[in-house]
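Step one of this worksheet: look at the structure below.
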2 protein chains.
Amino acid sequence: MQKKVTIYDLAKMLNVSPATVSRSLNDHHSISKKTKERILLAANEAGYRTNKFAANLSKQKSNTIGVVVPKLNSYFMSTVLSGIEKAANDEGYNLIISQSLESEKKEKLNTKTLYDSGVDALMVSLAYETSNYEHFDTFTKKEIPLLFFDRVFTLPNCPTILIDNKLAGFQATEHLISQGCKNLLHISGNLQRNEYAERLQGFKDAMVKNGIPFRTSNLLETDLDPQKIDEVLKHIKKSKNKVDGIFLANDTMAVECIKELKKIGIKIPEEIKIVGFNNDPISEIISPALTTIDYPGYKLGVLAGQSIISHLNGTINLESAGSIILKHKLIIRESTENKLN
Amino acid sequence: MQKKVTIYDLAKMLNVSPATVSRSLNDHHSISKKTKERILLAANEAGYRTNKFAANLSKQKSNTIGVVVPKLNSYFMSTVLSGIEKAANDEGYNLIISQSLESEKKEKLNTKTLYDSGVDALMVSLAYETSNYEHFDTFTKKEIPLLFFDRVFTLPNCPTILIDNKLAGFQATEHLISQGCKNLLHISGNLQRNEYAERLQGFKDAMVKNGIPFRTSNLLETDLDPQKIDEVLKHIKKSKNKVDGIFLANDTMAVECIKELKKIGIKIPEEIKIVGFNNDPISEIISPALTTIDYPGYKLGVLAGQSIISHLNGTINLESAGSIILKHKLIIRESTENKLN
DNA sequence: CTGAAAGCGCTAACAA
DNA sequence: TTGTTAGCGCTTTCAG
């Protein structure tokens with residue numbers, strides 16, 4: 001166990017006041033270059049390391065950003081996190097990451113913990129089931145910057161960052177229609193979450209625009225658990241009009257769906273065309289390769305991180321930032337190709 | 001902006017001492033149930049929230065665990081992190097996560113930052129290029145628990161947690177041999193990292209055991225960047241003896257390899273059989289499905305988290321823990337099937 | 001340019 | 001069972 005050296009120790013060693021040491025260490029302008037250098041040198045030699053608890057306590061600021069995500073272990077989310085971490089690290093911020101595991105209760109708990117931990121800002125992607133948003137009040141009340149990404153909720157003064165899900169849904173659907181699909185099915189996630197609701201809206205819009213009436217049978221709301229792909233299969237089988245085009249709210253589900261459909265002898269894209277969402281690596285690997293929407297996760301992460309930090313630094317006013325919409329892209333692959341049957 | 005309420009405020013309000021408030025809040029046994037309840041109630045009403053900076057400063061403990069990983073955005077690592085987060089969260093610990101992006105320099109920096117942030121413990125999976133380990137000295141010297149997982153380095157009193165890479169490599173290779181492969185190739189990662197060195201050792205051992213001499217041409221050391229799959233292809237093409245079995249150090253690479261080989265008309269598994277590593281979701285999706293080694297990432301994360309926490313709690317002595325070896329599993333799929341040519 | 005000293009809010013040893 | 005009080009180590013205002 002090494003004894004910790006404090007600014008007092010340094011002060012004593014160098015016959016200066018602790019204040020001078022503190023100022024030197026923080027590169028305060030009011031300190032002469034000479035003493036500054038002398039102190040820095042001594043600090044290094046002595047193996048001085050600043051005690052962040054004390055500094056934080058004194059400054060009431062932690063240089064830490066809290067992040068709450070539904071799950072860490074999805075391709076999309078880990079990509080986003082990677083981007084956030086990059087942005088944070090570049091600016092000298094730490095990241096405390098926690099996962100809600102799609103549970104509102106855990107989300108509340110994590111939020112509270114992060115608050116207590118004194119994070120300078122909070123970034124959230126909402127849990128599947130969250131329907132009450134009071135746990136964010138503590139942040140807004142204290143004017144701690146709060147930002148939502150991907151799974152967002154509109155709160156005053158809280159910027160959001162995501163893609164235009166409605167447009168993406170629209171494009172995905174129109175693509176299916178343009179490839180000749182008449183009987184569409186949309187496998188959606190929890191419609192309470194913005195992203196799924198909007199993708200559905202885009203789906204509907206595209207149908208309507210192309211003169212196809214939207215019926216409830218064109219939609220299946222699920223929890224997007226690939227284990228429960230049976231539900232989807234059942235729905236497809238029992239459809240009166242043979243489904244010939246499916247738009248699924250994520251790639252994992254889409255891939256699972258392709259696998260199962262292939263198993264029961266349905267040809268893709270000949271009999272059913274499929275579009276996924278996210279552009280996960282698997283979408284490119286599966287055969288037939290999956291048409292999907294590219295969601296720029298890494299970029300989203302970097303941007304989200306940067307914008308909240310620049311707000312913390314006072315560079316930008318987050319309140320005025322409103323929402324950032326990233327560009328997505330429809331990636332057309334084999335699963336919607338127009339082959340001769 | 002809400003005024004923050006401190007234990008002093010509460011103390012004044014309730015006509016007790018700050019110490020009593022503090023004790024009540026921490027559920028100290030020496031406080032009567034009555035006052036405890038009274039204080040807790042008042043604290044809630046007043047919207048009291050403990051100031052962790054002050055508590056940390058006083059206790060010299062942060063309830064936070066630092067994690068340094070090479071990259072956040074790989075399936076395997078995000079799975080591990082998910083497990084660690086689960087374990088930490090269950091025990092009331094926060095997680096500060098940072099990525100080294102495979103750079104030694106960044107790893108050093110992150111390590112230092114985490115040290116300064118006062119983490120109670122550190123968990124590390126080493127960067128690709130790390131070859132100097134002095135940045136961990138600050139931790140060992142101060143007796144801050146340090147644990148390595150997956151990409152490990154043996155330091156006195158630092159437990160490691162991983163799988164038996166040598167055995168896994170051996171099994172993968174023997175499987176190829178048992179399927180009739182004679183001219184094997186191993187695509188390895190940086191051999192300075194334990195996992196790759198050991199997988200290679202297993203590869204060699206299996207060859208030797210089966211009477212196949214190991215030659216340098218049987219090995220290609222790469223940085224496992226899927227972008228650089230060309231190198232691998234080149235190596236295969238220029239091989240004197242036609243390669244008929246490849247063992248790659250991860251699934252991403254293996255999948256890329258399969259894709260490229262298929263492109264140039266090589267049949268898998270008829271002409272070349274392939275084994276990957278990790279059991280990423282893509283391994284199951286690619287056609288032909290990839291034979292691989294299942295690396296239980298989530299379990300590793302949970303275990304790693306739990307063991308470091310139980311050490312912090314004094315339940316277990318980490319020093320005596322040594323290393324934990326998790327069970328892996330060879331998953332046989334189509335890419336090594338013995339079809340008639 | 002430098003120093004003295006008052007916090008920041010909580011914990012814990014010692015008293016009562 | 002409760003209170004007093006001295007830190008924890010750093011920042012920062014106010015003086016000099």
Side-chain angles (χ1 to χ4, degrees), chain A residues 1-40 42-43 46-64 113 115-120 142, chain B residues 1-40 42-43 46-64 92 113 115-120 142 144:
Chain A
M1 192 70 167
Q2 223 178 218
K3 75 279 165 203
K4 53 218 141 236
V5 17
T6 73
I7 53 171
Y8 288 99
D9 300 328
L10 292 175
K12 221 166 280 173
M13 287 166 54
L14 300 168
N15 268 96
V16 292
S17 76
T20 305
V21 177
S22 171
R23 290 191 184 107
S24 300
L25 261 17
N26 291 309
D27 203 24
H28 197 282
H29 60 268
S30 75
I31 301 287
S32 77
K33 216 173 192 170
K34 246 174 75 181
T35 34
K36 214 180 269 180
E37 273 167 9
R38 201 163 61 99
I39 289 170
L40 250 30
Y48 170 83
R49 322 211 79 177
T50 160
N51 179 324
K52 289 221 176 156
F53 303 148
N56 290 343
L57 176 58
S58 189
K59 286 191 299 197
Q60 300 296 340
K61 159 169 202 326
S62 65
N63 247 266
T64 294
T113 308
Y115 177 89
D116 287 339
S117 302
V119 295
D120 294 339
K142 284 238 178 181
Chain B
M1 191 72 167
Q2 224 177 215
K3 76 281 165 199
K4 52 217 141 236
V5 16
T6 75
I7 53 170
Y8 288 100
D9 300 329
L10 292 175
K12 222 168 280 174
M13 287 166 57
L14 299 169
N15 268 98
V16 292
S17 77
T20 305
V21 177
S22 171
R23 290 190 186 109
S24 300
L25 260 17
N26 291 308
D27 203 22
H28 196 281
H29 59 270
S30 75
I31 300 286
S32 77
K33 216 171 191 171
K34 246 173 79 181
T35 35
K36 212 179 275 180
E37 274 167 7
R38 200 163 62 100
I39 290 172
L40 250 32
Y48 170 82
R49 321 212 80 176
T50 161
N51 180 324
K52 289 220 178 159
F53 303 149
N56 291 344
L57 175 59
S58 188
K59 285 190 300 194
Q60 301 295 339
K61 161 172 202 320
S62 65
N63 246 267
T64 294
T113 308
Y115 177 88
D116 286 340
S117 301
V119 294
D120 294 339
K142 284 240 182 181
I144 298 171

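Lettering follows sequence order; numbering is per chain, from 1.
- Here the closest heavy-atom approach between residue B:N63 and residue B:G92 is recorded as OD1-O, 2.9 Å.
- Near DNA chain D, meaning a heavy atom under 4.0 Å from it, residues 32-39 of chain B has B:S32, B:T35 in order of number.
- A 4.5 Å side-chain heavy-atom check between A:Y48 and A:I7 finds at least one atom pair inside the cut-off.
- Nearest approach of B:G118 to B:S62, heavy atoms of both residues: O-OG, 2.6 Å.
- Checked against D:dT4, D:dT11, D:dG9, the side chain of B:R23 finds its nearest nucleotide in D:dT4.
- For A:K61, the NZ atom is densely surrounded, since the number of other residues' heavy atoms within 6.0 Å is greater than 12.
- Looking at A:L57 and B:N51, their side chains come closer than 4.5 Å, going by heavy atoms from C-beta outward.
- When heavy atoms are screened at a 4.0 angstrom cut-off, B:S30 is found touching base atoms of the nucleic acid.
- Between B:F53 atom CZ and D:dG9 atom P there is a gap of 17 Å when expressed in whole angstrom units.
- Proximity of A:T20 to A:S17: side-chain heavy atoms (C-beta onward) are separated by under 4.5 Å at one or more points.
- Contact check for B:L25 versus B:L40: side-chain heavy atoms found under the 4.5 Å cut-off.
- Between B:V16 and B:S58, it is B:V16 whose nearest contact on DNA chain D lies nearer the 5' terminus.
- Residue B:A54 is the one, among B:A19 and B:A54, whose nearest nucleotide of DNA chain C lies closer to the 5' end (criterion: closest heavy atom).
- What separates CD1 of B:I7 from C1' of D:dG7 is a distance of 14 Å, to the nearest Å.
- Distance NZ (B:K12) to P (D:dT4): 13 Å, rounded to an integer number of Å.
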Should B:K52 and A:D116 be marked as a salt bridge (charged side-chain N to carboxylate O under 4.0 Å, His left out) after you check the CA-CA gap, both sets of side-chain angles, and the distance that decides it? CA-CA 6 Å; B:K52 289 220 178 159; A:D116 287 339; 5.5 Å; no

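- Mapping heavy-atom proximity under 4.0 Å, the span of DNA chain C touched by chain B runs 5' to 3' from C:dG9 to C:dC14.
- Following rounding to the nearest Å, A:D27 (CG) and D:dT11 (C1') show an atom-to-atom distance of 16 Å.
- If you measure from atom CG of B:N26 to atom P of D:dT1, you get 16 Å, rounded to the nearest angstrom.
- Counting only heavy atoms from C-beta outward, the side chains of B:V5 and B:M13 never approach each other to under 4.5 Å.
- If you take CG of B:N15 and P of D:dT4, they are 11 Å apart, rounded to a whole angstrom.
- In this structure, the CG atom of A:L25 is 15 Å from the P atom of D:dG9, given to the nearest Å.
- Comparing A:I31 and A:Y8 against DNA chain C, the residue whose closest nucleotide sits nearer the 5' end is A:I31.
- Between B:D116 atom CG and D:dC10 atom P the separation is 11 Å, expressed in whole Å.
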